[in-house]
Amino acid sequence: MQSHPTCRLAVVKIASRCNLNCTYCYMYNLGDRTALAQPKTMPDAVIDATVDICMNHAAEHGLKRFRFVFHGGEPLMAGAGKFQRLIEAARLRGRDVGVVPDFSVQTNGTLLTDYWCRRLADWGVRVGVSLDGPKAVNDRQRVTHTDEGSYDKVISGWDRAKAHGLRPGILTVIDPVSAADEAYKHLRELGPVNVDFLLPDANHDRRPPGDHGGTPHADWLLDVFRLWYSEEERPFRVRVFEQIIATTLGLAYPNDSMGAGENEIVVIETDGEVGPVDTLRAAIPGASRTGVNVLRDSLLAALDHPLLRQYHGSNSSLCATCRACPINRICGGGYLSHRYSAARGFDNPSVYCNDLTKLISIVRRNVLDMLPDEALRQANLVPWSTAEVAAARGDTVAVLTAEREE
């Protein structure tokens, strides 16, 4: 029997509704409607059961820390009382079992009032704000239910959060038709502690927005990388760049969208159902539903569900094309939901395979160029061109494209 992965992080969908209506929202605008059948906020009984099964799991597996990420919908719509109940229960339970709970929230930022900022600061909750760039870029897709842009309200909340010492980070969905240098300048001015760039949710049946061939998402990220990497003192951390750099040097960097290793994350819905990453909804409506629930099941039972097993092992369970690719240890086959097709399920390379190949090859080469030749020889590290990586996996079209670009 396979061993069970250890869960170290629970994404807690404390609210299922949102005050924004982003055009690319995987919960509401990519075909999945299951969130509409769930409670608008997480009932107290579900909060208590979530704390119990997570902290018990951590204690049983000898974990010293366990992370809770408040998520939605828009999590702040749940109200401060729901946050306080989970935080206080987790800390109380943690003292009993010797586990320290850790808390963060991913918010659209529009509801970050002074009151909320004070409470989050008092509770020690780290804050991530979703913002897609300067006003014109953000407001193309991150809109209200009346199609008004959200930028001004987000920035107002951002400024309050910084004023209260919260040091928030930013999550950005890439818009490859926007100017990468303007996005970087904008981020620099805002001063986040970290930035997480996300590829738009897409798969082989629902192609990336504006997909006309080429590698537009890699090109956009590489423009940002060159600016970021050339800084004498980098102004903020960037997860995707740090992961490529770390794994190039043989270091571990757990991440469910790239890299090797188990994905030690579960998502808990407002009704208590436990599932894998809920962006799978963007591939197959209802795909993240398991029937396992915190009100009656253990976290071990959830981790034993075939869907969670597939997600947790997705970075090592690769298709034949990925297994032949020399950078599979770095990209891990890409995000599971980006591999989907109706014809082959998840047994495909990522729909962003060429973007990932180019991005990783060039970032990796920049890193290796900084190392002495002797260190490269001892570690058996050889720079690869994008064309060489594509050739190794047998992609002749990508080889020709890469050779023209390089």
Side-chain angles (χ1 to χ4, degrees), residues 9-15 18-20 22 24-25 65 67-80 82-84 86-87 90 101-135 137-139 141-144 149-175 178 182-198 221 224 227-228 231 233-243 255 257 265:
L9 186 155
V11 176
V12 181
K13 296 278 186 170
I14 201 160
C18 189
N19 61 328
L20 296 187
C22 303
Y24 52 61
C25 177
R65 303 187 73 85
R67 290 185 61 195
F68 293 92
V69 180
F70 293 101
H71 210 280
E74 168 47 47
L76 300 190
M77 291 181 71
K82 298 287 187 183
F83 276 65
Q84 184 169 351
L86 190 149
I87 290 167
D102 179 83
F103 307 101
S104 59
V105 60
Q106 186 63 43
T107 172
N108 63 38
T110 62
L111 302 180
L112 279 172
T113 61
D114 286 322
Y115 170 79
W116 262 114
C117 291
R118 284 195 298 270
R119 299 305 302 270
L120 294 171
D122 289 344
W123 291 325
V125 177
R126 294 192 307 279
V127 177
V129 174
S130 299
L131 181 71
D132 285 354
K135 182 178 175 69
V137 177
N138 181 83
D139 288 355
Q141 299 190 96
R142 297 193 64 80
V143 296
T144 69
S150 61
Y151 179 86
D152 292 340
K153 289 183 178 179
V154 177
I155 293 302
S156 179
W158 175 268
D159 290 341
R160 288 193 190 96
K162 290 194 72 175
H164 285 271
L166 287 171
R167 300 185 70 237
I170 288 179
L171 184 152
T172 293
V173 176
I174 296 167
D175 181 355
S178 66
E182 291 180 8
Y184 184 78
K185 179 183 177 183
H186 182 256
L187 289 167
R188 228 180 171 285
E189 290 170 350
L190 291 176
V193 65
N194 56 65
V195 178
D196 200 359
F197 292 111
L198 301 186
L221 281 168
V224 172
L227 294 167
W228 178 82
E231 298 262 20
E233 185 174 341
R234 291 178 190 119
F236 43 78
R237 301 182 64 184
V238 180
R239 183 174 73 162
V240 64
F241 301 153
E242 290 187 350
Q243 176 161 20
N255 181 356
S257 63
I265 302 169

Quick one: do Thr107 and Val127 satisfy side chain to side chain contact (heavy atoms under 4.5 Å, CB included)? Show the steps, please.
CA-CA 7 Å; Thr107 172; Val127 177; 4.1 Å; yes
Side chain to side chain contact (heavy atoms under 4.5 Å, CB included) for Phe68 and Asp102? Distances and angles first, verdict last.
CA-CA 6 Å; Phe68 293 92; Asp102 179 83; over 6 Å; no
Worked check of side chain to side chain contact (heavy atoms under 4.5 Å, CB included) between Ile170 and Leu190:
CA-CA 10 Å; Ile170 288 179; Leu190 291 176; 3.8 Å; yes
Decide yes or no on side chain to side chain contact (heavy atoms under 4.5 Å, CB included) for His71 and Val12, but give the supporting numbers first.
CA-CA 6 Å; His71 210 280; Val12 181; over 6 Å; no
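In this structure, CD1 on Ile14 lies 6.0 Å from CG on Leu86, to the nearest 0.5 angstrom. Rounded to the nearest 0.5 Å, atoms CG (Leu9) and CZ (Arg65) are 12.0 Å apart. The line from CZ of Arg118 to CG of Leu166 is 11.5 Å long, rounded to the nearest 0.5 Å. Distance CG/Leu76 to CZ/Arg119: 12.5 Å, rounded to 0.5 Å. Taken to the nearest 0.5 Å, the CG atom of Leu112 stands 8.0 Å off from the CZ atom of Arg160.
Heavy-atom neighbours of Lys162 NZ from other residues, nucleotides or ligands within 6.0 Å: above the threshold of 12. The number of heavy atoms from other shown groups lying within 6.0 Å of CZ (Arg234) is above 12. Applying the 6.0 Å contact sphere to NZ of Lys135 captures more than 12 heavy atoms from other residues, nucleotides or ligands.
Under the 3.5 Å distance criterion, the side-chain polar atoms of Asp139 are matched with a main-chain donor or acceptor of Ser150. Checking side-chain atoms of Glu74 against main-chain N and O of Leu20 turns up no donor-acceptor pair under 3.5 Å. Judged purely by atom type and a 3.5 angstrom limit, Asn138 uses its side chain to pair as donor or acceptor with the backbone of Asp132.
Smallest separation of non-hydrogen atoms from Pro75 and Gly72: CD-N, 3.8 Å. The minimum heavy-atom distance between Trp158 and Gly191, with the atom names listed, is CZ2-C, 4.3 Å. Of all non-hydrogen atoms in His186 and Gly133, the two that sit nearest each other are CE1-O, 3.5 Å. Here the closest heavy-atom approach between residue Ser178 and residue Val137 is recorded as CB-CG2, 3.8 Å. Nearest heavy atom pair, residue Ala80 against residue Tyr115, reads CB-OH, 3.7 Å. In plain terms, the two heavy atoms of Pro168 and Ala161 that are nearest each other are CG-CB, 4.1 Å.
Counting only heavy atoms from C-beta outward, the side chains of Arg67 and Arg126 approach each other to under 4.5 Å. The side-chain heavy atoms of Met77 and Leu111, taken from C-beta on, include a pair separated by under 4.5 Å. Contact check for Pro101 versus Phe103: side-chain heavy atoms found under the 4.5 Å cut-off. Considering only heavy atoms from C-beta on, Gln141 stays 4.5 Å or farther from Cys22 through its side chain. Looking only at side-chain heavy atoms (C-beta outward), Phe236 and Asn194 stay at 4.5 Å or farther from each other. Inter-residue side-chain proximity for Asn108 and Val129 is flagged as unmet; no heavy-atom pair is nearer than 4.5 Å. At a threshold of 4.5 Å between non-hydrogen side-chain atoms, the residues Val224 and Leu187 do not count as touching.
The aromatic rings of Phe241 and Trp228 are tilted relative to each other, their planes meeting at an angle between 30° and 60°. Between Phe83 and Phe70, the ring-plane angle classifies as parallel under the 30° and 60° cut-offs.
For the residue pair Arg142/Tyr151, the side-chain donor-acceptor check at 3.5 Å is not satisfied. Tyr184 and Glu231 are linked by a side-chain donor-acceptor pair at a separation below 3.5 angstrom, with hydrogens and angles left out of the test. The closest side-chain donor-acceptor pair between Thr110 and Asn19 falls under 3.5 angstrom.
Considering only residues two or more places apart in sequence or on other chains, Thr144 meets the side chain to side chain donor-acceptor pair (under 3.5 Å) condition with Thr146. Judged as a side-chain contact (heavy atoms from CB on, under 4.5 Å), and not counting sequence neighbours, the contacts of Glu182 are Ala179.
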